[in-house]
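Below: one structure, written as structure tokens.
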Amino acid sequence: MFIPIPDNISPILKEIGTISYSKGHRAYLVGGPARDLILKRKLKDIDIMVEGNAIGVAEEYARHHNMRVKVHPEFLTAKVKGRKFIIDFASARKETYPTPGSLPIVEPGNFEEDMRRRDFTINAMAISITPDNFGELIDIVEGLNDLNKGVLRVMHEKSFQDDPTRILRGIRFSARFGFTFEDKTLEYLRRNIDYLKVVSRERILRELEFISKEGIEGIRVLTKHHIHSVLNLCTVEDKILNKIIEFSEKTGINPEKSLLASLLMCTDDFPLTSHMRKNINLIKSLGTFDIIKVARIDEDYLPLVYAYIENSEEVVKFFTVRERISPEISGGEMKKLGISPGPEMGKILEEIMVLRWQGRIKTKDDEIKFIKGRLNA
Ligand code: CTP
């Protein structure tokens, strides 16, 4: 079976296939991009597998185009940043996992080993880019069948034990494509779910970020499979999820940060950025709407504020007037009035914002009058 290759990537793939062939190696488009082409979805990047030295192929392709190439000889990979796509080149490899949850030991392997080392059958298909069969689908694991049926199937019983993050990857794909875990795979998932606890918190957090990008379905699927209780994440009720989305749709704010924070609000286990920690702490400290606290929360987290507090219509109002309530007076002008920069200035600015919110200050003149009055008090 031949897969139609869109015009925007066909010349790139043909060229890479030709370079590779001239060096005596067959090359393929593999993994997510192969899956996405079959699904007729837009490609985010390009993953190439070479049955041979992928680094040499990447270097030659980059040289032709005057592009930079970053090589990782220890992983047998190279990355080229093209104008429209990032192209990842990897030599066919086999992987062994010394202990559950550890990073794999990578060794050169053949085509079959490279396909069978992968997470799910739908991600283990290859589309040839070699000139003599350009576009041909090579599917040794019946991935196409699973793709058509909408199922996620692992290659072997120990897959989730080797790499427990595959459980979270499965959640991501299930949410994105509406696929379900095949029966045996679901049994392995349940049996190995506790291995998630041995994975570093950094890697788990990264996967949770990806899941949050899939929208509320990502959080729903995560909860359905009880991952939240294994990882001590919050149980986020549907009511909260729906409100996050409602606010996002009203305002155009991307919900992903709020969705992620909704999972992480009840745990200190994860290495959050200070930014996210600050926002979560502010939200947790909110009882009802508090203009000073809400104004300190970054816009990305407003959907979560809306979902959590009772008088949530205030958050909508805040969003619509937020520019009008921010003080017009500059720091320099305040200095001229005799206020030195620092906590005092910050406090006055907040007071002005509250008065603007209450409608008691409307113009810059009002602000100046207020400051003068305050200084004379
Ligand atoms: N892969 C794997 N096990 C992992 C990570 C990756 O088997 N733990 C394989 C899969 O074949 C996957 C490919 O490496 O398709 C590329 O990984 P990645 O880019 O993370 O996955 P995508 O499938 O491209 O995911 P997305 O569409 O979300 O980018």
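Each ligand, and each atom within it, is numbered from 1 in the order the structure gives. Here the structure is a predicted model, which is why all the values come from computation and not from measurement. Residues take their numbers from the sequence shown, with the count starting at 1.
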Next on the checklist: Checking salt bridge (Lys or Arg N to Asp or Glu O under 4.0 Å) between Asp163 and each of Lys158, Arg117, Arg118, Arg203, which is the one that passes?
Outcome noted: Arg203
Item to check | Under 4.0 Å to a heavy atom of Asp163 - the qualifying atoms of ligand 1, by number | outcome: 4 (C), 8 (N)
Checklist entry - Is the shortest N/O to N/O distance between Gly31 and ligand 1 below 3.5 Å? => result no
Checklist entry - Looking only at protein heavy atoms, which one is nearest to atom 6 (C) of ligand 1, and how far off is it? => result Arg169 NH2, 3.3 Å
Item to check | Within-shell test, Phe173 vs ligand 1, heavy atom, strictly < 4.0 Å | outcome: yes
Checklist entry - Looking at Lys44, which atoms of ligand 1 are within less than 4.0 Å of one of its heavy atoms? => result 26 (P), 27 (O), 28 (O), 29 (O)
Next on the checklist: I'd like to check which ligand 1 atoms, numbered from 1 as shown, lie under 4.0 Å from a non-hydrogen atom of Arg172.
Outcome noted: 25 (O), 26 (P), 28 (O)
Checklist outcome for this item: re atom 7 (O) of ligand 1, the protein heavy-atom contact at minimum distance is Asp119 N, 2.6 Å
Next on the checklist: Between Ser102 (side chain only) and Thr99 (backbone N and O only), is there a donor and an acceptor less than 3.5 Å apart?
Outcome noted: yes
Item to check | Residue part near ligand 1, for Phe120, under 4.0 Å between non-hydrogen atoms | outcome: neither
Checklist entry - Do Tyr97 and Glu95 have side-chain N/O donor and acceptor atoms under 3.5 Å apart? => result yes
Checklist entry - Which of the atoms in ligand 1, numbered in the order shown and given with their element, are less than 4.0 Å from a heavy-atom of Arg176? => result 26 (P), 27 (O), 28 (O)
Checklist entry - Can Lys347 and Glu344 be counted as an ion pair, charged N to O under 4.0 angstrom? => result no
Checklist entry - Just by distance, with hydrogens left out, do Arg166 and Ser159 show a side-chain donor and acceptor under 3.5 Å apart? => result yes
Item to check | Exam field: side chain Asp366 to backbone Lys362, donor-acceptor pair closer than 3.5 Å | outcome: yes
Checklist entry - Cation-pi between Arg322 and Phe319: NZ/CZ under 6.0 Å from ring centre and within 45° of the ring axis? => result yes
Checklist entry - What about Arg35: any of its N or O atoms under 3.5 Å from an N or O on ligand 1? => result yes
